[in-house]
Asks: 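Please find one structure pasted underneath; my questions will follow.
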Amino acid sequence: MSKYLLNKFLYTVDRDPDLVERYREDPRGTVEWWESEYANRILNCHGGERSTWLAFEENERAALASHDYPALFDLGAHPFLTLTLFIAMFERDYDEPLGFQLEYARRLSDRKLPYPDIAT
Amino acid sequence: MARVVAVIASTHHPFYYRASTSTGEDRPPFADEWVRKVEAFRETLTRANPDVLVMVGSDHFHQLWLDNMPQFLVGKAPMYDANWYNEEREFGLPRLVCKGQEDLSAYILREGLDAGFDLAFSNELRIDHSITCPIITLRPQNDLPIVPVYTNIFAPPLPRPKRFVELGRTIRQLVESWPSDKRVAIIGTGHLSLELGGPRQFGPHGPDPEFDRRAVEWISTGDIEGCLSEVTLDSLHAPGNATHGFMDFMLMMGVAGDGRKADYVDTYDLFHTMEAYFTWYPNGGGR
């Protein structure tokens, strides 16, 4: 399990306007590119000092590649990161204020306490 | 020595700026009353006539990240740029630049380390809405130098609630021992019950109104002992998955003092979360 890497994906995409659009339009391709090129970047280091060991589990890769935010919740991705990025991608598709946020809650409505552990 | 002229604890609702500045059909029905309450709250700071603001908040995965996560961090810089692209995108927050009170930052760091808090520091800190929301609500002219203090309420493992209270007590002592004639307000923001990214988010009220009622009682009466007897890292999951931000209110209770009743209390029951505003005048300040 690599909750840290899930969070790293959500964090690095959310803070980059181009990546937000790229992930919205091509989730599978973006996840493949990101895992290949970005997953092992240490964020404040140059490219010669990359990590060597970070990779998604198959179910994590699949959840990201299908925009499956309930699955990300179940995997213990940080819910603030998931929510923020998915609002950025999909709020625009809803006419009513908070329409996407309420749909998001509805799709998680069968989740009960205790929620999955988000500690990394 | 410096004087603590006001202690202020508040929620930080990132939608306030957009709600309060929107007009016509875009203006939500709750905006006018919200503005009225915030302006009354603002007056409690204005009347204290502060020179410097110590601002306690929590970075929301903006500059602080899981590869290098401090528990408590003090900004020590002459300037702080503020607000981030994703806060502009989601909340419409404006970019700001705040002046820093660097000598007080240095004093809090040195004396805080000696008092048993291994404080991290940052010489280049871009602050987020946990600190800019109270600037927008309480000091929109943004004319006072600040000392930002960040706490980790976000990325477990977290410090326990008692540690937040103890840090609050220590910050109060440090500010009062700072060799300066400045008038200092200590302002901190957190949450009552809150759910983000979970099934209870964005309901018609906060996710746990009963927790909110009890929290307001603890804060307004300064009941630190009662609060600590019931609030744990585990218990805070029950009222909502982002309710650990309540620990910043507990920190501010430590700043205000045991048993110290708030001089000003107001709340506003909004969708999604309850707003809560508290002011203490430690020495009859503001008069």
Asks: Tell me which one of B/Tyr268, B/Trp34, B/Phe30 satisfies ring-ring contact (aromatic ring centres under 6.0 Å, His included) with B/Tyr16.
Replies: B/Trp34

Asks: Can you tell which part of A/Pro114 gets under 4.5 Å to a heavy atom of chain B, answering side chain, backbone, both or neither?
Replies: neither

Asks: Please report whether the ring centroid of B/Phe246 lies less than 6.0 Å from that of B/Phe211.
Replies: yes

Asks: Heavy-atom cut-off 4.5 Å, strictly under: side chain, backbone, both or neither for A/Thr82 against chain B?
Replies: neither

Asks: Heavy-atom cut-off 4.5 Å, strictly under: side chain, backbone, both or neither for A/Tyr115 against chain B?
Replies: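 For A/Tyr115, the contact with chain B is made by the side chain alone.
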
Asks: Do A/Tyr11 and A/His78 have ring centroids that are under 6.0 Å from one another?
Replies: no

Asks: What heavy-atom pair brings B/Ile146 and B/Cys98 nearest, and what distance separates the two atoms?
Replies: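 Answer, listing the atom of B/Ile146 first, then B/Cys98: CD1-CB, 3.9 Å.
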
Asks: Checking B/Phe154 against chain A: side chain, backbone, both or neither under 4.5 Å from a heavy atom?
Replies: both

Asks: For B/Gln201, which atoms come within 4.5 Å of any heavy atom of chain A: side chain, backbone, both, or neither?
Replies: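 Both parts, backbone and side chain.
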
Asks: Got a sec: does the NZ of B/Lys37 have more than 12 other heavy atoms crowding it under 6.0 Å?
Replies: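 Correct, the count exceeds 12.
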
Asks: Which region of B/His272, side chain (C-beta onward) or backbone (N, CA, C, O), has a non-hydrogen atom less than 4.5 Å from a non-hydrogen atom of chain A, or is it both or neither?
Replies: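 Interface part for B/His272: neither.
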
Asks: I need the residue from A/Asp16, A/Leu85, A/Asp110, A/Asn44 with the largest number of non-hydrogen atom pairs under 4.5 Å to chain B.
Replies: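 Result: the option with the highest number of such pairs is A/Asp16.
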
Asks: Is B/Asp26 paired with B/Arg18 through a side-chain N to carboxylate O contact shorter than 4.0 Å?
Replies: no

Asks: If I measure from the heavy atoms of chain B, does A/Lys112 come under 4.5 Å with its side chain, its backbone, both, or neither?
Replies: neither

Asks: Does the B/Asp212 side chain pair with the main chain of B/Ser193, one donor and one acceptor, at a distance under 3.5 Å?
Replies: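 Side chain of B/Asp212 to backbone of B/Ser193, a donor-acceptor pair under 3.5 Å: yes, one is there.
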
Asks: Assert yes or no for the condition that the ring centre distance of A/Phe90 to A/His67 is strictly below 6.0 Å.
Replies: yes

Asks: Does any backbone or side-chain atom of A/Asn7 lie under 4.5 Å from a heavy atom of chain B? Answer side chain, backbone, both or neither.
Replies: both

Asks: Using a 4.5 angstrom heavy-atom cutoff, name the option from B/Trp65, B/Phe202, B/Phe61 with the most pairs to chain A.
Replies: B/Trp65

Asks: Tell me which of these, A/Leu98, A/Leu72, A/Asp14, has more heavy-atom pairs under 4.5 Å with chain B than the rest.
Replies: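 Most pairs with chain B among the choices: A/Asp14.
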
Asks: Checking heavy atoms, do the side chain of A/Leu81, its backbone, both or neither come under 4.5 Å from chain B?
Replies: side chain

Asks: Counting heavy-atom pairs under 4.5 Å with chain B, which one of A/Ser109, A/Ala88, A/Pro97 comes out on top?
Replies: A/Ala88

Asks: Quick check against the 3.5 Å criterion: does B/Arg200 have a side-chain atom that pairs as donor or acceptor with the backbone of B/Leu196?
Replies: no

